[in-house]
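What you see is a predicted model; the values in this text were computed from it and never measured.
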Amino acid sequence: MKSFQVFVYGTLLQGESNHHVVAPYVAHIEKGAVCGWLHSVHDLYPALVLDPSAPPVEGEWLTVSEKGLRAMDRLEGYYGEGKHNDYERVFVTDVNGKNAGFVYVYSSERAKHLPRIGTSWRAYRLSRL
């Protein structure tokens, strides 16, 4: 069976509101980080803009089946390359170089009016309670 590594940094993290979408398809979870800027979308979920000069954003690497990747695509509004997507799915490498795989991101242009929220969705969410 084919599997994929996907870096998650928001509502798909273990214990967060959308983890149930991917949980049945997860074979392995490992902590990780990628460089970029986190932005808040209406305080409901984060958007990541990749930037190699930015600080590391905390997250998890999920190893998922093809069905899991498709479930994540649906949640993230990813319909395919060149389509009108909510998030783009791109390839990224962890800051430690150990893991590499997909991540769902916003463009810097799309995120320019959204507030930056630091390097951790969980910390941001908990600070808003």
Side-chain angles (χ1 to χ4, degrees):
M1 181 183 346
K2 195 170 185 179
S3 65
F4 302 87
Q5 283 200 297
V6 182
F7 181 78
V8 298
Y9 52 86
T11 65
L12 285 167
L13 293 164
Q14 283 185 96
E16 294 295 331
S17 62
N18 284 319
H19 185 72
H20 69 279
V21 171
V22 71
Y25 311 107
V26 174
H28 181 73
I29 300 174
E30 190 173 329
K31 289 186 180 201
V34 300
C35 291
W37 302 104
L38 274 185
H39 297 263
S40 175
V41 181
H42 310 294
D43 277 343
L44 298 174
Y45 53 90
L48 174 66
V49 175
L50 294 174
D51 181 345
S53 66
V57 170
E58 298 172 17
E60 296 169 343
W61 285 98
L62 307 183
T63 303
V64 299
S65 66
E66 191 166 359
K67 284 185 178 181
L69 185 64
R70 299 294 162 240
M72 294 169 83
D73 283 348
R74 283 189 299 278
L75 177 71
E76 303 293 2
Y78 178 76
Y79 307 106
E81 194 172 323
K83 305 279 185 185
H84 183 69
N85 299 311
D86 192 24
Y87 284 80
E88 295 300 325
R89 180 167 39 110
V90 299
F91 198 82
V92 69
T93 301
D94 193 89
V95 295
N96 69 15
K98 181 180 173 189
N99 292 304
F102 294 119
V103 65
Y104 296 91
V105 298
Y106 264 27
S107 68
S108 56
E109 178 64 25
R110 187 157 182 225
K112 72 181 179 182
H113 298 296
L114 299 174
R116 284 190 186 168
I117 60 171
T119 60
S120 169
W121 169 249
R122 282 187 177 129
Y124 175 77
R125 185 182 55 73
L126 291 172
S127 76
R128 307 292 288 174
L129 295 178

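Note that CG of Leu44 is 9.0 Å distant from OG of Ser17, once rounded to the nearest 0.5 Å. Atom-to-atom distance recorded for Phe7:CZ and Glu58:CD is 8.5 Å, nearest 0.5 angstrom. Remark: Ser40 OG to Leu114 CG distance equals 7.5 Å, nearest 0.5 Å. Separation of atoms CD (Glu30) and CD (Gln5) is listed at 7.5 Å; rounding is to 0.5 Å. To the nearest 0.5 Å, atom CH2 of residue Trp121 and atom NE2 of residue His39 are 13.0 Å apart. Rounded to the nearest 0.5 Å, atoms CZ (Phe102) and CZ (Arg89) are 4.5 Å apart.
Residues Ala71 and Tyr25 share a closest heavy-atom pair of CB-CE1, 4.1 Å. The minimum heavy-atom distance between Thr93 and Ala100, with the atom names listed, is OG1-CB, 3.9 Å. Nearest heavy-atom pair across Leu38 and Gly118 is CB-O, 3.4 Å. Residues Val21 and Pro24 share a closest heavy-atom pair of O-CD, 4.1 Å. Residues Pro46 and Gly10 share a closest heavy-atom pair of CG-CA, 3.5 Å. Closest of all the heavy-atom pairs between Ala47 and Val41 is CB-CG2, 3.9 Å.
For Tyr9, there are no side-chain hydrogen bond (donor to acceptor under 3.5 Å, both in side chains) partners, not counting sequence neighbours. Applying the side-chain hydrogen bond (donor to acceptor under 3.5 Å, both in side chains) criterion to Asn18, with sequence neighbours excluded, gives Thr11. For Glu109, the side-chain hydrogen bond (donor to acceptor under 3.5 Å, both in side chains) partners are Lys112, not counting sequence neighbours.
Although no hydrogens or angles enter the test, the distance criterion places a donor-acceptor pair under 3.5 Å between the side chain of Asn85 and the main chain of Gly80. A donor-acceptor contact shorter than 3.5 Å links the side chain of Glu60 to the backbone of Gln14.
Residues Val8 and Val22 have side chains not in contact (no heavy-atom distance under 4.5 Å, counting atoms from C-beta outward). Annotation: side chain of Lys2 is not in contact with side chain of Leu69 (no heavy-atom distance under 4.5 Å). Residues Val105 and Arg110 have side chains not in contact (no heavy-atom distance under 4.5 Å, counting atoms from C-beta outward). When side chains are defined from C-beta on, Val103 counts as touching Leu50, because their heavy atoms get closer than 4.5 Å. Put simply, the side chain of Thr119 does not reach to within 4.5 Å of the side chain of Pro56, judged on heavy atoms.
More than 12 heavy atoms of other residues, nucleotides or ligands lie within 6.0 Å of NE2 in His20, so this atom counts as buried by the packing criterion.
Comment: Lys31 does not engage Asp94 in a salt bridge, judged by the lack of any side-chain N to carboxylate O separation of less than 4.0 angstrom.
Aromatic ring centroids of Tyr106 and Tyr87 lie under 6.0 Å apart.
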Derivation and outcome, side chain to side chain donor-acceptor pair (under 3.5 Å), residues Tyr104 and Asp73: CA-CA 9 Å; Tyr104 296 91; Asp73 283 348; 2.5 Å; yes
Quick one: do Leu48 and Val34 satisfy side chain to side chain contact (heavy atoms under 4.5 Å, CB included)? Show the steps, please. CA-CA 10 Å; Leu48 174 66; Val34 300; 3.9 Å; yes
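Cluster membership for Val90 and Leu75, using ILVMFWY side-chain heavy atoms within less than 4.5 angstrom, is shared.
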